[in-house]
K.L.:
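Here it is: the structure, laid out below.
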Amino acid sequence: AGECANGTCACGANSSCEFTCLSGPCHTECGAGSTCTVACPNADAGTIGCDIVSCDSEVLVCPDGMTTTCGAPCPI
């Protein structure tokens, strides 16, 4: 579960969250032990317009350029 407000998406600890950033900038905070996937249809993933700012594992910018993840594989 997660929510976005005032340009920040927050995913609690030990959760699995999926966000879509419809109007940036979107900064996602992915809690400890969580996996997050952020779709960025209107901004470049991994840029200030749509990024993951906290993650306790690896942040990936997916090859599609429109998705960024924390601790999760890129969508196919």
K.L.:
Closest heavy-atom contact between Cys11 and Ser15?
P.N.:
SG-CB, 3.8 Å

K.L.:
Looking at Cys62 and Cys74, is the distance between their SG atoms under 2.5 Å?
P.N.:
yes

K.L.:
Mind listing the closest non-hydrogen atom pair of Asp56 and Cys70 along with its distance?
P.N.:
N-SG, 4.3 Å

K.L.:
So Cys21 and Cys9, disulfide bond (SG atoms under 2.5 Å apart) or not? Walk me through it.
P.N.:
CA-CA 9 Å; Cys21 175; Cys9 302; over 6 Å; no

K.L.:
I need the minimum non-hydrogen distance between Pro73 and Thr69, along with the two atoms involved.
P.N.:
O-CG2, 3.8 Å

K.L.:
List for me each residue that meets side chain to side chain contact (heavy atoms under 4.5 Å, CB included) alongside Ser54, sequence neighbours excluded, and say none if there are none.
P.N.:
Glu29

K.L.:
Which pairs of donor and acceptor atoms, one on a side chain in residues 44-51, lie under 3.5 Å apart (sequence neighbours left out)?
P.N.:
residue : atom : partner : partner atom : Å
Thr47   : OG1  : Asp44   : O            : 2.6
Thr47   : OG1  : Gly49   : N            : 3.4
Asp51   : OD1  : His27   : ND1          : 2.6

K.L.:
A side-chain contact here means heavy atoms from C-beta on lying under 4.5 Å apart; do Phe19 and Thr28 qualify?
P.N.:
yes

K.L.:
Val59 and Val38: same hydrophobic cluster, using ILVMFWY side-chain contacts below 4.5 Å?
P.N.:
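Yes, Val59 connects to Val38 through the hydrophobic network.
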
K.L.:
Answer yes or no: is there a donor N or O on one side and an acceptor on the other, between the side chain of Asn42 and the main chain of Leu22, under 3.5 Å?
P.N.:
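Looks like yes, one N/O pair under 3.5 Å.
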
K.L.:
Is there a donor-acceptor pair under 3.5 Å between the side chain of Asn14 and the backbone N or O of Ser34?
P.N.:
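It does not hold such a pair.
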
K.L.:
According to side chain to side chain donor-acceptor pair (under 3.5 Å), does anything in residues 58-68 pair up with another residue at least two apart or in another chain? List the pairs.
P.N.:
Asp64-Thr67

K.L.:
So, do Cys17 and Cys30 sit near enough that their side-chain heavy atoms are less than 4.5 Å apart?
P.N.:
no

K.L.:
Evaluate the side-chain proximity of Cys55 to Cys36: yes if any heavy-atom separation is below 4.5 Å, no if none is.
P.N.:
no

